[in-house]
Number of protein chains: 2
Amino acid sequence: MHDPFETEDDLLLPDAEGAAERPRSITLKDVARLAGLSPITVSRALHNPKLVKPDTIARVKEAAAAMGYIPNMLAGSLTTKRSQLIAAVVPQLSNSMFAETVQGLNDELSAHGYQLLLSLSNYSRQKEEDLLTAILSRQPDGVVLTGITHHPAVRKKLLATGIPVVETWDLTPSPIDIAIGFSQERIGEQVAQYLLGKGYKRFASICARDERAIRRREALEAELARHDIAPLATHLATPPTTLNLGREALRAILAAGHAPEVIVCSSDVLAQGALIEATVQGISVPDQLGIMGFGDFDFSAHTHPPLSSVHIDKRAIGVQAARSLIARIEGKALREKVIDVGFRLIERGTTRTIV
Amino acid sequence: MHDPFETEDDLLLPDAEGAAERPRSITLKDVARLAGLSPITVSRALHNPKLVKPDTIARVKEAAAAMGYIPNMLAGSLTTKRSQLIAAVVPQLSNSMFAETVQGLNDELSAHGYQLLLSLSNYSRQKEEDLLTAILSRQPDGVVLTGITHHPAVRKKLLATGIPVVETWDLTPSPIDIAIGFSQERIGEQVAQYLLGKGYKRFASICARDERAIRRREALEAELARHDIAPLATHLATPPTTLNLGREALRAILAAGHAPEVIVCSSDVLAQGALIEATVQGISVPDQLGIMGFGDFDFSAHTHPPLSSVHIDKRAIGVQAARSLIARIEGKALREKVIDVGFRLIERGTTRTIV
DNA sequence: CTGTTAGCGCGTTCAA
DNA sequence: TTGAACGCGCTAACAG
């Protein structure tokens, strides 16, 4: 097969001074002219080869390659009403669990010919709403949101466009369209029960200023309350949660004179920070202090001692979101609009093993 | 101001069965009709208000809000040839330094009204090339790539379109368009010199199978060779680099009977793993074993002992990439096509302080 | 300040 | 199996 570029020895270099004068781009028409066909035949040869004679296809492909033809999807999507674009809004990428979800989402979308338009809301409802308008103006085939609480206009706009939507990292009986996540409340409750079962009585927590983390903590405290236990202290940390925030939080809690038996963290990153701080201060974990994390990061099994945590399949949330969206776009009926990916308490070395 | 949605009590719910029948979307024409104006006036009122009388603008805005009008950017971009879209290709997001760069890129782009089309290449040149075609078909105003080595077709296509391009995380005298990064070679060399200066003689390394990491290691070994030192062992790890990979690597190196004085890691994540493994094995760091990381992650200053590392401003690479691209798009002349963001050796507790 | 005309590049629809 | 006409929704260019 011949090199499609061998005749191109006159490539234009981008212009260093001022706006680059882009060469007028090659269109379907140009290819058609070279191949001696009509534009529509070229279009079909490229996207719907069954309708075209094999040698015509060959002629088209050769012409397209020779000219370095790249289709203009803006124009295509304008007619077909399909953009092959999925938009996702997550709070943050640095130091967050969402990077894994975005990775999963991307991988699955990519495998199905979709592309990802990514926006970061920085945990701001207003920002999310602003982003959404810009997003919808790109006519995405689907939208992935983080969480279930949004600016009221978000729900309204999304319902008005009728576009498939997945809300992630949480569950709700009344999703905008589809929800894929897990119950914060059940986690809080089960963590409480687990730790109570271990005989812990004096609780503290280090919690990110993140709506879901807060709901988990509230559920935990509610369960403690049912056992007549009030938490000693809660330290709030603004995301992104870093290891140092965990260290500082534990330091602050201890400096305030609290002596918790166990400390519940809203992220393993914070938990690892607490673990290091405890180690540095000569507090033995788990003998003198238990530490419970969240997220089961891939470092969590390998700290010393390894972190007890709550496992969430962060990647699966993204993969599943992509699948549901694609199914919806392709008109397949969904088995369920609310998918619970669950969670698993992981007992490791930072919580005591004997009661 | 009146609620734009209060008259909308007939929102269509997405159809659970089969493809959603989307309501025909509201266009500029619809808004124009309601406002009693021509479409172009509405367009101007929305995007070029200086050309329009204030009360006309008010009428337009009211009509647009009442109808829940969302512009169709595909159509707009088709005419203007400007998509307000920047495409970025990075190898991975999970557990990688690129998440920070993407975050910086996004934040800066977002502040200037651009959106981000994100693709992940999984360190594959071929995948990058495949992605690029899909990317270019969206008519992005600019492209951000990771690294300076690409499939030959990548350079060709990019030059042919004349689109602004930034290559990141590395430097080269001959970028496709713009390069923003740092010199792998100088890092390898300086790390070698720094460690030699500390009196280390027996070196091992844990290195990701990543082109840039490998070049850093090679530069380090070249510098060692100049001092007649051959490294004892190199352990290669496939990205994403996890803490456990670092632990395993150190274990493997020791099990093979090597007794390095210092171990150079291509990422702080690996370094932290090595640190933990050393601690677990009762090897005192830095007394019996020095550990040098790379990347200066935000946990690195807070491990115990804190990690010596090479600081890279990962976020700045993204921010700077956005700025250069935007400048280019707006036709401003760039001061330089190759921007060295530099690096800084950070001496902390995992390398010995006395010679 | 506002409107008319034309066309961006493509795919749907209908016809041959 | 191929083609012609048309329109997707918008804005540039020109007019008034």
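Labels below follow one simple rule: chain letters A, B, ... track the order of the sequence lines, proteins then strands, and each chain is numbered from 1. Hydrogens, waters and symmetry mates play no part in the numbers below; they use all other heavy atoms, side chains included.
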From dC10(D), dT12(C), dG9(D), pick the nucleotide closest to the side chain of Leu28(B)?
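Closest of the options to the side chain of Leu28(B): dC10(D).
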
Ion pair check, Lys127(B) and Asp130(B), cut-off under 4.0 Å:
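Asp130(B) and Lys127(B): not salt-bridged.
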
By side-chain contact (heavy atoms from CB on, under 4.5 Å) - contacts of Ala63(B) (at least two apart):
Val31(B), Leu34(B), Ala35(B)

Interatomic distance where [atom1] belongs to [X] and [atom2] belongs to [N] [whole Å]:
X         : N       : atom1 : atom2 : value
Arg82(A)  : dC10(C) : CZ    : C1'   : 16 Å
Arg138(A) : dC10(D) : CZ    : P     : 14 Å
Asn48(B)  : dG3(C)  : CG    : C1'   : 16 Å
His47(B)  : dC10(D) : NE2   : P     : 8 Å

What string of B, S and - do you get for nucleotides 3-8 of chain D 5' to 3' if you count protein non-hydrogen atoms under 4.0 Å?
BB--BB

Please check if any side-chain donor atom of Arg82(B) sits under 3.5 Å from a side-chain acceptor atom of Ser77(B), or the reverse.
no

Pairing donors with acceptors under 3.5 angstrom, does anything connect the side chains of Ser324(B) and Lys337(B)?
no

Taking only side-chain nitrogens and oxygens of Tyr69(B), does any of them come within less than 4.0 Å of OP1 or OP2 of dC10(D)?
yes

When you measure from the side-chain N and O atoms of Ser43(A) to the phosphate of dG11(C), is any distance below 4.0 Å, counting only OP1 and OP2?
yes

Considering only distance and modelled atom types, tabulate donor-acceptor pairs under 3.5 Å from the side chains of residues 38-53 of chain A, sequence neighbours left out.
from, atom 1, to, atom 2, distance (Å)
Ser38(A), OG, Thr41(A), N, 3.4
Ser38(A), OG, Thr41(A), OG1, 3.1

pair Val338(A)-Ile178(A): side-chain heavy atoms closer than 4.5 Å:
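With C-beta onward as the side chain, the pair stays apart.
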
Contact class for Thr56(A) (heavy atom, under 4.0 Å): base, sugar-phosphate, or nothing?
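Contact class for Thr56(A): sugar-phosphate only.
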
